[in-house]
Amino acid sequence: MNRRTRLGLVAVGTAGLAALLGAACFELPAFGGDRHPYGDRAVQVSLARHTANTISSVNFDQRAFDTLGEMSILFAAVLGCVVLLRQTRDEHRGRPEPEPVALPVRRYALVVLPVALLTGLYVIAHGQLSPGGGFQGGVVAATSLHLLYLGADYRALERIRPVGLYEVGDALAVSAYLVTGIAGLIGAGAFLANTLLPYDTFNTLSSAGFVPLLNAAIGMEVACAVVVLLARFLDQAVEIEEGEGK
């Protein structure tokens with residue numbers, strides 16, 4: 001395929017996309033209006049299924065299949081990094097030497113670490129009730145562990161971050177999301193259908209049916225994925241050196 005043909009295909013595709021976007025824009029509600037059909041329906045379904053946080057209802061109930069796609073993208077990205085950043089035959093691991101840490105930095109990091117970790121777990125657990133959820137809480141919980149690297153040294157971080165366990169946790173979290181979806185398919189005839197579990201009392205931790213389970217699975221997957229990603233990049237920067245493999 002020559003250059004002119006490729007440019008022609010790009011032009012045709014761009015024109016078609018522009019036409020579709022233009023047609024969609026003419027169907028949008030008036031700017032500044034107080035009514036949005038999709039938003040109104042999303043809120044109604046969220047309240048009907050006892051999910052106080054409408055965004056979580058959309059992510060883990062009304063459009064839970066889309067969230068599965070987002071989780072799969074993150075899982076694939078982690079898998080790609082693990083493969084690309086693995087230690088090769090012409091590399092070896094050097095024992096990282098601890099660097100001196102200023103006392104205020106050490107104190108601050110070690111004090112904030114448990115607070116940040118608990119905050120991340122709280123955001124995950126309360127995702128169906130208040131702003132936040134598995135994605136946000138998972139990132140907070142994962143990055144909080146790395147305050148130990150700032151406050152102590154890399155070897156201290158490695159002791160609480162066995163990468164193999166986090167890789168297994170990442171895979172188990174993805175599997176848990178899929179198993180929950182299959183349970184809905186078997187029990188209700190639709191993948192990820194939020195109809196098997198009782199919705200319970202509104203605005204409580206056990207409310208919203210499947211939403212807390214899927215939210216927890218996402219939180220675990222994101223936390224483990226971020227830990228594995230940072231571990232691979234930090235290994236390259238701190239431990240892995242070029243030279244004869246050992």
Side-chain angles (χ1 to χ4, degrees), residues 36-83 120-143 163-230:
H36 192 288
Y38 183 83
D40 293 342
R41 293 180 183 129
V43 172
Q44 291 173 2
V45 173
S46 175
L47 295 177
R49 295 179 179 175
H50 294 186
T51 311
N53 183 3
T54 302
I55 296 175
S56 288
S57 176
V58 172
N59 288 339
F60 303 113
D61 186 356
Q62 303 172 45
R63 300 185 65 178
F65 192 78
D66 292 352
T67 303
L68 174 62
E70 296 169 8
M71 180 178 64
S72 301
I73 292 172
L74 178 59
F75 184 77
V78 173
L79 182 60
C81 283
V82 169
V83 172
L121 297 177
Y122 178 91
V123 171
I124 294 173
H126 291 76
Q128 72 275 17
L129 305 179
S130 56
F135 286 102
Q136 299 85 345
V139 173
V140 174
T143 53
V163 179
L165 291 180
Y166 284 95
E167 290 174 343
V168 172
D170 193 4
L172 288 177
V174 174
S175 301
Y177 198 102
L178 291 172
V179 168
T180 305
I182 294 172
L185 179 63
I186 295 174
F191 186 69
L192 289 168
N194 187 13
T195 55
L196 290 181
L197 296 181
Y199 299 139
D200 213 337
T201 305
F202 182 78
N203 209 26
T204 60
L205 285 176
S206 59
S207 61
F210 274 166
V211 174
L213 300 180
L214 297 178
N215 189 54
I218 287 290
M220 181 178 175
E221 199 274 335
V222 171
C224 292
V226 171
V227 168
V228 174
L229 284 176
L230 292 177

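The model shown is predicted, which means the values in this text are computed figures rather than measured ones. Heavy-atom basis, side chains included; hydrogens, waters and symmetry copies ignored.
Side-chain atoms of Leu229 and Val78, non-hydrogen and from C-beta on, do get closer than 4.5 Å to each other. For the pair Ser72 and Leu68, the minimum side-chain heavy-atom distance is below 4.5 Å. Counting heavy atoms from C-beta on, the side chains of Val123 and Val140 never come closer than 4.5 Å.
Distance check, rounded to the nearest 0.5 Å: CG of Asp200 to CZ of Arg49 gives 16.0 Å. Once rounded to the nearest 0.5 Å, the distance linking CD of Glu167 with CG of Leu79 reads 9.5 Å. With rounding to the nearest 0.5 Å, the separation of CD in Glu221 from OH in Tyr177 is 11.0 Å. Distance check: Asp61 CG to Asn194 CG gives 4.0 Å after rounding to the nearest 0.5 Å. The structure places CG of Asn215 at 11.0 Å from NE2 of His126, a figure rounded to the nearest 0.5 Å. The distance from the OH atom of Tyr199 to the CZ atom of Phe210 is 9.5 Å, given to the nearest 0.5 Å.
Smallest separation of non-hydrogen atoms from Val139 and Thr143: O-OG1, 2.8 Å. The nearest pair of heavy atoms linking Leu129 to Thr204 is CD2-O, 3.4 Å. Nearest heavy atoms, Ser207 versus Asn203: OG-N, 4.0 Å. Between Ala217 and Ala173 the shortest heavy-atom distance is O-CB, 3.4 Å.
Between the side chains of Gln128 and Thr51, no donor-acceptor pair is found at a separation under 3.5 Å.
Atom CG of Leu172 is surrounded by more than 12 heavy atoms from other residues, nucleotides or ligands within 6.0 Å.
Aromatic ring pairs are classed by plane angle as parallel below 30°, tilted from 30° to 60° and perpendicular above 60°; the pair His50 and Phe202 is perpendicular.
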Distance-only check: which donor-acceptor pairs under 3.5 Å involve side-chain atoms of residues 184-193, not counting sequence neighbours?
none

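Using modelled atom types, no side-chain atom of Ser46 and backbone atom of Ala42 make a donor-acceptor pair closer than 3.5 Å. Side-chain N or O atoms of Thr67 include one that pairs as donor or acceptor with a backbone N or O of Asn59 at under 3.5 Å. Using modelled atom types, no side-chain atom of Asp170 and backbone atom of Cys224 make a donor-acceptor pair closer than 3.5 Å.
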